[in-house]
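Because the structure is predicted, anything quoted here is derived from the model rather than measured. Proteins come first, then strands; the chains are lettered A, B, ... in the order of their sequence lines, and each starts at number 1.
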2 protein chains.
Amino acid sequence: MATIQEVAKKAGVSAATVSRVLNNRNSVKEKTRMRVDQAIRELNYEPSVLGRNLRNSESRLLLVLIPSISNPFYTEIINGIEDTAIGKGYNILLCETDSNPKREAIYFNMVRNRLADGIILMDPTVNRKNLHDLACKHPIIQCSEFDENGTISYVTIDNELAAYQAVKHLIKIGKKKVALINSDEKFLYARERRSGYEKAMKEFGLPIESKWIRSVEQLGFESGQQAMRSLLNEADMPNAVFAVSDVLAIGALKEINSIGLKVPEDIAIIGFDKISFSNMTHPTLTTIAQPMYKMGCISATMIIDKIRGNDVESLILDHELIIREST
Amino acid sequence: MATIQEVAKKAGVSAATVSRVLNNRNSVKEKTRMRVDQAIRELNYEPSVLGRNLRNSESRLLLVLIPSISNPFYTEIINGIEDTAIGKGYNILLCETDSNPKREAIYFNMVRNRLADGIILMDPTVNRKNLHDLACKHPIIQCSEFDENGTISYVTIDNELAAYQAVKHLIKIGKKKVALINSDEKFLYARERRSGYEKAMKEFGLPIESKWIRSVEQLGFESGQQAMRSLLNEADMPNAVFAVSDVLAIGALKEINSIGLKVPEDIAIIGFDKISFSNMTHPTLTTIAQPMYKMGCISATMIIDKIRGNDVESLILDHELIIREST
DNA sequence: ATGAAAGCGCTAACAA
DNA sequence: TTGTTAGCGCTTTCAT
């Protein structure tokens, strides 16, 4: 790569003038500008982000931290983020953290080092102190997950209400023995959705039985299958399942199908997220739709606003119950 | 963030000595090292990647370019890349390009600017010149896709052979009317798999009928459904389908199920990739397994080798036919 | 309108 | 063993 010096030399001006041309300062004579532009083209010059950042502290790069890329839930959000960010002149770097504080720290430091201008965080809060230390000095917003007691702006949905409505729907179609397949409760959404589940059960005078509640560590189909297998082994089997993620619900569905029970007649099932695969199963899956693309767009808008020094308000978006064949 | 100067001041040494401590140079007295470490901790100091890169031209960051994160095919590869790279002290930045040359160019420039040390490219070759210009001066390797006429090292599988075996398997179970649901032929793998399909058909004296060949633009379930719907509308319907991706095969399967035909009795179907979903469908999907995790590990090893200045050889890995219920 | 010079944070060469 | 100095590529005063 050519440097600004070489361009300057070729154009017969100083580096300062080249810099002015690059940054569209208007104090450059048209003729000089032309010569510089010419030299830039001839040398195929690209300004070094490194040198520029070191001076300016701006990279126009955004970090998006997700626990795992294999969860289809994140893909739509990321599409929203990308479309919006690119439209505003920012680029996206996706960072998979595995919810590992060490890996998270590395990416946090990229912002401290001005390698990136801000972070959209979708991880659960693993290290509050580290997170808030960063948030004090650098732009960060949370998407989907957030820290209940913190001051960091976020965009999310009302998980408790959504879960409540899901379970209520199962009860309304006549199912009284509703099981819950939950995620790891390190996730706020998992705690909130359990709470919604309990609220609905209580409201209809149904008992909250720990024998009908499972918590999984991994968010894969296999986890859903395993959880369901274990539920089916209970002497007193549930006749409905609320799974906090479509992926889990699909695994559960597979397990129910494979032992010959009918969905929804024997066991009804409802998922969460409305991932595209949820419409490919047999029967198709009832689920809660989150406005994922919109969440992504809003996250991007929020973080860029914050980078520009504006205040941003947290937002809670609407969800929707999508009734399909599995209930 | 504290700077190296502040640490030096606090420890009562020069910046150079701090730098030596940071980089584990052994020419530092134990006592001095302790004082410096102490100061680093007290100030919560983190070295600036920016300053370091500018000096060293090393970032220990790897760029992974993929067309789309929503394709589960890439997730296992990325897991392999991450595990290997992190083990060797490198971090990963995921870049979604949409196969858009402009977005690709932005990420290419990050390497030119030394913001990242190298690129693992999974995109199809959209701009050969740009790609080879970059490859001349910077470490890059290709994974899965590669440029047939280029000099860039790659790791992939024998797509033509795999497709040939898939189609042969369909023919062997008595299906003579084999349809092909292919991807956009801008992808090399799509061209190779079509070629394998044709080879198998020819070998068994079967006609290659364009009415049984579909090409989709998007790699979603819906594309598979649409392609299948269109195939089912043919007066002379196929009795087997080879889809070049599990995602497409799953969409096709859904479509066949939904009009009441039986798989595999009426129509057999085989996919490609062995994504985790492919085992959740009803019936489960016969598919070709690629060693995706291994491909990721090898890609990472190759690019790091290349960064270190070593020569690396291209590699073609083995695949495997996984026979399940859909055939 | 333009150039010279300083400095962002860091490391390597050289000196002591 | 440690410090001094120069310089990576860029932008921004301050002069001219």
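- Per the geometry, NZ belonging to K29(B) stands 10 Å off P belonging to dG3(D), to the nearest Å.
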>> Before you tell me yes or no, could you show the steps for L121(B) and E104(B) under side chain to side chain contact (heavy atoms under 4.5 Å, CB included), namely the whole-Å CA-CA distance, both residues' side-chain angles and the distance that decides it to 0.1 Å?
In response: CA-CA 10 Å; L121(B) 183 67; E104(B) 194 177 78; 4.0 Å; yes

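- Considering only heavy atoms from C-beta on, T84(B) stays 4.5 Å or farther from Y293(B) through its side chain.
- Counting non-hydrogen atoms under 4.0 angstrom, S19(A) reaches a base of the nucleic acid.
- Taking atom CG of residue N23(A) and atom P of nucleotide dT2(C), one finds them 16 Å apart after rounding to whole Å.
- Nearest-nucleotide positions on DNA chain D for T17(B) and S48(A) put T17(B) closer to the 5' end.
- Considering only side-chain atoms of V28(B), the nucleotide from dT12(D), dT2(C), dT2(D) that sits closest is dT2(D).
- Residue N53(B) contributes atom CG, which lies 18 Å from atom P of dC8(C) at whole-angstrom precision.
- If you take CZ of R20(A) and P of dT2(C), they are 9 Å apart, rounded to a whole angstrom.
- The residue among R25(B) and A16(A) whose nearest nucleotide of DNA chain C lies closer to the 5′ end is A16(A).
- Side-chain atoms of Y189(B) and S144(B) form no donor-acceptor pair, as typed in the model, at a separation below 3.5 Å.
- Put simply, CD on E46(A) is 10 Å from P on dC10(D), counting in whole angstrom units.
- Comparing dC10(C), dG3(D), dT2(C) by their nearest atom to the side chain of Y45(B) picks out dC10(C).
- If you check every strand for non-hydrogen atoms under 4.0 Å, V13(B) touches sugar and phosphate atoms only.
- At whole-Å resolution of the value, CD in Q5(A) and P in dA4(C) are 11 Å apart.
- In this structure, CZ of R35(B) is placed 15 Å from P of dT1(D), rounded to the nearest angstrom.
- Atom C1' of nucleotide dG9(C) and atom CG of L43(B) are separated by 15 Å, given to the nearest angstrom.
- Of the candidates M34(B), R33(B), R35(B), R33(B) is the only one forming a side-chain contact (heavy atoms from CB on, under 4.5 Å) with V21(B).
- No donor-acceptor distance shorter than 3.5 angstrom exists from the side chain of N23(B) to the backbone of R25(B), with no hydrogens or angles considered.
- If you find the closest nucleotide of DNA chain C to S27(A) and to I4(B), the one lying nearer the 5' end belongs to S27(A).
- In terms of phosphate contacts, R52(B) brings no side-chain nitrogen or oxygen within less than 4.0 Å of OP1 or OP2 of dG9(C).
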